[in-house]
Amino acid sequence: MKRMATTWILLLCAATLLAPTTVWADVEEDIEELNDRLDELELKTAKNKLSFFGDFRVRYDYQKWHVNPYQQLMGFDFNNVDPQSGMPAPVFMPVEAYEADNSESWSARLRLKMDYKAGKSVHFTGRLNMHRQFGGSHVPLFNGFPNTVLSSFNSTAVPTDDLVHVERAAVTWDPQNTPFFFTLGRQAATGGPPKEFRENKVRQGTPGALMIDAQIDGLMAGFHLGAIGLPEEGIVRLCYGTGFEAGFGSGGLTNQTFVNMYFPDANNPGQVVAMPMPVSELEDSKVMGFCAETPIPALGGDNLLSFGGFRMLAMTDIPYGMTRGFPNVLSTQPQAVTATTNLGDMDLFGACWQHTVEIGEAGYELTYFGSFATNKSHPDEGTFSLYGFGPMLGNSSEDLTGKAYYVGVQGDVPPTGGKLGFEFNRGDENWFAYLSGADDVNSKLSTRGSVFEAYYIQPIQKGFDFRVGMQSYQYDYAFSGWHISPGPIENFELNNEIFSPYPFPDTITNVYAVMDLTF
Amino acid sequence: MFGRTLSLLGLCLVVLIAFAAIGQRDVRGQEPVDVSTAIIAAAFAGDSEDADKPQIKGSDKKGKYWFKKSCKSCHGKDGDGGEVTPISKTIKQWERYFKKGKHTGDEKLEPTFDAEQIIHIKTFLINHAADSDQPETCG
């Protein structure tokens, strides 16, 4: 018995002595396992050169148009040809006022944002978009609005098919210890300030939303204003981009190329007559300008003053793009359109002030903004679009000036945690800005008239929200969004019975609902 | 008989504890509410993580102000403490940092900043963390 007890005591002592060793072995094992996992992670991180972020949006739209009485172009009388121009006389038919609606239209937009840091001073950013119209309407039907011509400026803004387009792809070189930086590629030129508020996003682009909202390729040189004692967030950027590459000569093998223009024959309804029209020697179209921005710390809150100026050189009449029902109005097939003429230059200047302030002890936020812009045409005398859309701003012998403003307010709704916003914008008859990539149903900021918008954003959780809103468009003139017009814009005042190939609405009501997930 | 009653009571107790635990997790320390109220409240309350936050609403702007004023002197580009910006950490890493509440070593954040300042700075850093939605501009 005694011997047995002794054995037990010895065993217990041995176990006690061995215990720390066992625990230590466990810890070593754990560390080893952690090391393995860390190695795996490090390897994955090293290989994972590209970071992906993005968002996904599903949007519902209801639209109602009201069209004032107008004279519809029915075709051309080929028995009545003007001996001087050789053009057949147009034939019109009066159309009574009417209303039309699209009770249900759905679209889905997937944006994949890419980011790659090649080193301390070089990084790449890109954004791939799929913007799909539910129901397979792959090429928009031309209805007189610029966003119904699908071009490289708006390929990700206009909902079409399920193809992924490259909206942005640019390399930025930011040399260390200098205030300069440079970006080359497809730039972040869509969704600029103050558009982010109603989108409930962080800022999405550089130029002001009232001036440029289009996908643009080019290069940019930037300078940090902090280097000269101004606020460190302040930046000045010089931009240079290409709007149209003419290729060699006129884009063909010779300097004189003919394109078929289709004229509906008024004497033979349902028939079109193709007339070859000479395309003059085209020049490249370029854009150059600057964007400057700085906060004003003395005014408190979160604020930003941004302004810019651009000159669009040798603007063409229409971008290369795809549409339906134009220029051959009787064809249901997708048709390509392309530039036919350089019309002249256009200047664009604008400024935007945006300010978010906190209200009360609870820190609820109120944002307000105001933006103003002006454009001035410098047409080349005697130039006009061969598509029948006339000269720059409808007048090739006179410089014309247009202007527009855009104001808005957005505030927290404490009981629900949501945000309520109101916006208003107005443009005059000569107003034009480069907004073909705006993703509103009707590019509201290019309206020659006024637009009121009210919306409510309900966050459900971080990065996931619902938005409902209403836009009320009141058009004063036709051809909003275009820098071309078949004649003096005064002739296209919608209160009068205009002569037009398309029914331009005088009012549009757009009710929308959006689900947006940011990831 | 007594044993059966005891078992039943025990079962009820377990169910109650389970519901209490679920309720605790759902409403996160708030006053107990019924399930329908919780669902409606959750639907209209925005981010469910908001319930985690203290009474003071963190302000991005105030956080930026305090961060620049108090942190940048040591954590600026050439600062002695090494450069620190919101993108120095991910959202989760900032959350863990503030949960520990320690600056360096055992030095706590609290004496350097008051509780309100910490809430604002945390909001700013988390809102602009490496994996947060970042503004997109030319360059």
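Convention: sequence-line order gives letters A, B, ...; per-chain numbering from 1.
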> For chain B, which residues from residues 112-124 of chain A lie under 4.5 Å away (heavy-atom distances)?
Replying inline: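 Hits under 4.5 Å: Lys113(A).
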>> Under 4.5 Å from any heavy atom of chain B, what part of Glu358(A) do you find: side chain, backbone, both or neither?
In response: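 Contact with chain B involves the side chain of Glu358(A) alone.
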> Of the backbone (N, CA, C, O) and the side chain (C-beta and beyond), which part of Thr125(A) lies under 4.5 Å from a heavy atom of chain B, both, or neither?
Replying inline: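 For Thr125(A), no heavy atom lies under 4.5 Å from chain B.
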First locate atom [atom1] of [X], then atom [atom2] of [Y], and finally report the distance between them rounded to the nearest 0.5 Å.
{"X": "Phe519(A)", "Y": "Asp133(B)", "atom1": "CZ", "atom2": "CG", "value": "10.5 Å"}
{"X": "Tyr364(A)", "Y": "Ser59(B)", "atom1": "OH", "atom2": "OG", "value": "13.0 Å"}
{"X": "Phe182(A)", "Y": "Cys138(B)", "atom1": "CZ", "atom2": "SG", "value": "14.5 Å"}
{"X": "Lys61(B)", "Y": "Asn303(A)", "atom1": "NZ", "atom2": "CG", "value": "10.5 Å"}

> So do Thr137(B) and Arg237(A) actually touch side chain to side chain, heavy atoms under 4.5 Å?
Replying inline: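 Arg237(A) vs Thr137(B): side chains touch.
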>> Between the side chains of Lys64(B) and Glu233(A), is the shortest nitrogen-to-carboxylate-oxygen separation below 4.0 Å, so that they form an ion pair?
In response: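 Lys64(B) and Glu233(A): salt-bridged.
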>> Could you walk me through whether Glu136(B) and Arg203(A) satisfy the salt bridge (Lys or Arg N to Asp or Glu O under 4.0 Å) test, starting with their C-alpha distance in whole Å, then the side-chain angles of each, then the deciding distance to 0.1 Å, before giving a yes or no?
In response: CA-CA 6 Å; Glu136(B) 292 173 62; Arg203(A) 184 176 167 182; over 6 Å; no
> Just wondering, are more than 12 heavy atoms of other shown residues or ligands nearer than 6.0 Å to CG in Leu230(A)?
Replying inline: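 Correct, the count exceeds 12.
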> Looking only at heavy atoms, what is the nearest atom pair of Ile91(B) and Lys462(A), with distance?
Replying inline: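 Looking at all heavy atoms of both residues, the closest pair is CD1-CE, 4.4 Å.
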